[in-house]
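Structure first, then comments.
Lettering follows sequence order; numbering is per chain, from 1.
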Amino acid sequence: MLPRQEVVAMLLAGGQGSRLGVLTKNLAKPAVPYGGKYRIIDFALSNCVNSGIETVGVLTQYQPLVLNEYIGSGQPWDLDSMNAGVRVLPPYQRSRKSDWYKGTANAIYQNIQYIERYNPEYVVVLSGDHIYKMDYSKMLAYHKEKGADCTIAVFEVPLDEASRFGILNTNPDGSIYQFDEKPKVPKSNQASMGIYVFTWSKLRKYLEMDEANPKSSNDFGKDVLPAMLKAGERMFAYRFEGYWKDVGTIDSLWESNMDLLNPNVPLDLNEGDWKIYSRNPVMPPHYIASGAKVQNSLVAEGCNVYGEIDFAVLFAGVTIAPGAVVKDSIIMPGSRVEEGAVVQYAIVSENTVIGKGAVVGARPEDIANKDEWGVTVIGDGCNIAPGAVIPPKAMIDAETLAEEAAK
Amino acid sequence: MRGNNVLGLIFSDIHEERIRELTDKRTMGSVPFGGRYRLIDFPLSNMVNSGINKVGVITKSNYQSLMDHLGSGKAWDLSRKREGLSILPPFTSECTVFNSRIESLASINTFLANSREEFVLLSDSDVVCNIDFTDVVSFHMKHDADITIIYRTGKLPEKICDPTVYTIDKEDRVKDMLINPHTEGVCHYGLSMLLMKRELLMKMIADCVSRNLYNFKRDFLQRNIGTYKICAYEFKGYTQSICSMNAYFEANMALMQSAVRAELFNPDRPIFTKVRDDMPARYGLGSSVSNSLIADGCVIEGSVENCVLFRGVHVGKNTKLENCVVMQDTEIGANCHLNYVIIDKDAVIKNDRSLFGFHSYPVFISKGSVV
């Protein structure tokens, strides 16, 4: 029997993140690089550790190799402790009724055994695709104070945007009386962040009921939470203040990276007592050459910058050749932007080469038809030919590029 | 593949009097270098990259920062059940701290006796280089040598401390060895690294101790040139001996040359160091940077030229930094102008300060100072 843990966190990391297109072709969304040296999942993992939660189950399903390798023993997050720590939990075969994870609730249901080993009082359910710094222990304290069965973290969004979110309508004491999924006329601006604290005995009961219901889609938002509300369980909204962003789309991923360059955005990753941990590359400090122009940018170790960057996020080992210009863009590890190439409003994935004089993306100001504008995305390992022009909103992947070149 | 039957031994303290400013509160091995490293990272990573699984670090004094840096050895992949990293603090039967290298080696006799490796590689920690010791081991075996010393051919670096200069014959055998000679021009000088059989090392140390001989170079090596087969392996790559404040400054500045970086930070033989989990360096509006090496965690709002900035350095608005080496977590305020300054870690330079050194005499600001 393992020592009892008061809280077990379950991190949902199995989603494909299809809206990220080529970026999630070979890896799960939580493993997508972010902010010059991180992967998205670093935020949830670091928040757990910083909040004192030492037992974390990571539920994986889609393209798990990169994520598995990245999490490893959990050592970079101090999650390699003797009895607790991080465990990667893929779907598995059992003596009868084996299946993939059919929905978020089913993923937890299939791992009841894992949770029970720790005999916890509470279970925290997290998403692996959000950028935020949050102290879950405060939310847990609120959950206890309210004597709740389920507490849902909410984030205030502008009322005119509220119809894009799952909205929670609450009584003055914070208790929830209604879920409003993407309401046309929102009654409140409290959007669910997809972060839940459950009293484990209650959650277990509802997971079993949900599993027994053949009509259920086995999803927290669609099935389990409404069922709990309907049955009159104590459900509360916990208001989170600070920076929070779901980076499930190309635009939001791009924006959230750019937010790191904005001193007015309250997301400081240099904060000593709430560090975001990650696997660190073994590379020397970056080098900025004479003649380079560097402003408003984030530059990681192992980079060599000879050209011009402005509002750029450069991951480890990126080279910007002399005369190359990178603006309002994200360049992921090991990529090269060759001489004279111009990259604007783009996300360039890992180990990519942007050939001499190539033009990738464009500024919205330079495009007459605004509908044609969008962030350009270059997938892993692409080799963009010298002088090539990649229009805004394009999404290039290495295989298609190679096929086209073969023609 | 790991494992090559060699035990690594690193002397973390050597010639500290030569850079007293930097070693006041630390050993030579823990002197910060190159934006994110400590000097010991170089010999330690070289050993690990050459397949050495077991490394002992011999310390003498001021080794707290060294122990903090090395930790369990995890960052060098040396935290393991079999072999791994051992920190060997001073230990003598007479309850006094040893004064010589022979004594320090005698005091780790048990460690040596309990090791299983056939060979021992001894290295100081004041030479910055990226060397593949597997070549040295092959050389040693091929020559059937008792001892292989590693040397370099060239002019003696200025102010080098007690250099050893070797006369080497055509068969790579050491014929003569001069300590601190008067030399001009090109010579073969030692890099304070040598390879020998572990049992021979223990025997020779016991011999020295029994004769009350305690000078490593004179009594251990020089006296034995005729007795043992001492061969010399030439290392042709980039090296930089940290033997004075000037040499320290120059060694940092040399990292601006891409050829030097390519050689020292060869991705196939990376230099490992303790991880700090800083965010990437952030450049603000109006920052201007040229020919500089900058580590993670820096926040730069001013202008930086020909500088090495360690992790977590802040440079304020309208501040101009030229030819500086600034160590970790130092804060430099706004409207400052600094030229040829070496700043140790955790210092604070308040707004509107000006400090100027000269290229042959950089100003030094000690750890934690407030200017």
Side-chain angles (χ1 to χ4, degrees), chain A residues 34-38 42 46 49 73 75-78 80 257 260-263 267-272 274-306 309-319 334, chain B residues 34-37 41 45 49 72 74-77 79 255-258 260-262 264-267 269-301 303-314 329:
Chain A
Y34 171 85
K37 75 181 288 194
Y38 308 96
D42 287 332
S46 302
V49 173
S73 67
Q75 191 269 335
W77 304 270
D78 260 354
D80 58 342
N257 273 280
L260 291 172
L261 306 176
N262 183 347
L267 179 66
D268 181 7
L269 304 184
N270 261 346
E271 223 170 37
W274 204 276
K275 275 201 174 178
I276 301 302
Y277 301 102
S278 67
R279 257 180 216 282
N280 285 250
V282 179
M283 287 193 181
H286 66 265
Y287 175 68
I288 311 274
S290 342
K293 282 188 189 160
V294 177
Q295 289 212 347
N296 306 312
S297 292
L298 214 55
V299 182
E301 300 195 308
C303 290
N304 283 292
V305 182
Y306 296 88
I309 61 170
D310 194 4
F311 287 101
V313 174
L314 305 188
F315 283 74
V318 165
T319 302
Chain B
R36 70 192 294 255
Y37 304 99
D41 293 339
S45 303
N49 291 333
S72 67
K74 179 80 192 163
W76 299 264
D77 222 357
S79 167
L255 297 175
M256 309 305 176
Q257 298 163 33
S258 61
V260 171
R261 284 202 310 281
L264 271 188
F265 305 122
N266 179 346
R269 294 201 305 270
I271 304 300
F272 302 96
T273 191
K274 187 183 169 190
V275 163
R276 265 190 43 157
D277 288 292
D278 286 315
M279 83 182 286
R282 195 167 65 207
Y283 294 89
L285 180 69
S287 68
S288 135
V289 183
S290 158
N291 196 39
S292 293
L293 204 63
I294 290 163
D296 272 4
C298 287
V299 177
I300 295 164
E301 293 177 293
S303 127
V304 177
E305 197 180 338
N306 306 333
C307 292
V308 175
L309 304 189
F310 285 66
R311 296 186 275 199
V313 168
H314 286 219
D329 297 320

| What part of A:D268 is in contact with chain B, defined as an atom under 4.5 angstrom from a non-hydrogen atom: side chain, backbone, both or neither? | side chain

| query | Is chain B contacted by the side chain of A:I309, its backbone, both, or neither, given a heavy-atom distance below 4.5 Å? | reply | neither

| note | If you tally heavy-atom pairs under 4.5 Å between each of B:I294, B:L293, B:N306, B:L309 and chain A, the highest tally belongs to B:I294

| field | Residue list, salt bridge (Lys or Arg N to Asp or Glu O under 4.0 Å) with B:D41, at least two apart or on another chain | value | none

| request: For A:P284 and B:Y37, work out which heavy atoms get closest and say how close. | output: CA-OH, 3.1 Å

| field | Counterpart residues, ring pair (Phe, Tyr, Trp, His ring centres under 6.0 Å), relative to A:F315 (two or more places apart) | value | none

| request: Just give me the residue among A:V282, A:L260, A:V313 that pairs up with chain B most often, heavy atom to heavy atom, under 4.5 Å. | output: A:V282

| query | Which bit of B:F272 is near chain A, if near means a heavy-atom gap under 4.5 Å: side chain, backbone, both or neither? | reply | both

| Any side-chain heavy atom of B:M279 sitting closer than 4.5 Å to one from A:L298? | yes

| field | Considering all heavy atoms, the nearest A:P285-B:G34 contact | value | CG-O, 3.3 Å

| query | Tell me, side chain or backbone of A:F311 under 4.5 Å from chain B's heavy atoms, or both, or neither? | reply | neither

| said: Is B:V304 close to chain A through its backbone or its side chain, or both, or neither, when contacts mean heavy atoms under 4.5 Å? | reply: neither

| Between A:K275 and B:D277, what is the shortest heavy-atom contact and its length? | CD-O, 3.5 Å

| note | Scored by heavy-atom pairs under 4.5 Å with chain B, the best of A:A292, A:S278, A:C303, A:G291 is A:S278

| field | Under 3.5 Å side-chain donor-acceptor pair for A:N270 and B:R282 | value | no

| field | Residue among B:G35, B:P267, B:A295 with most heavy-atom pairs under 4.5 Å to chain A | value | B:A295

| query | Any side-chain heavy-atom pair from A:I288 and B:Y283 closer than 4.5 angstrom? | reply | yes

| field | Side chain / backbone / both / neither for B:V275 at chain A, heavy atoms under 4.5 Å | value | side chain

| task | Against chain A, label B:T273 side chain, backbone, both or neither, depending on which of its atoms sit under 4.5 Å from a heavy atom there. | result | neither

| request: Considering only heavy atoms and a distance below 4.5 Å, find which of A:G36, A:G302, A:A300 pairs most often with chain B. | output: A:A300

| task | Heavy atoms only: give me the nearest B:R261-A:Y287 pair and the separation to one decimal. | result | NH2-CD2, 3.2 Å

| Passing option when B:P280 is tested against A:H286, A:K37, A:E301 for side chain to side chain contact (heavy atoms under 4.5 Å, CB included) | A:K37

| field | A:N262 side, atom CG; B:L285 side, atom CG - distance, nearest 0.5 Å | value | 11.5 Å

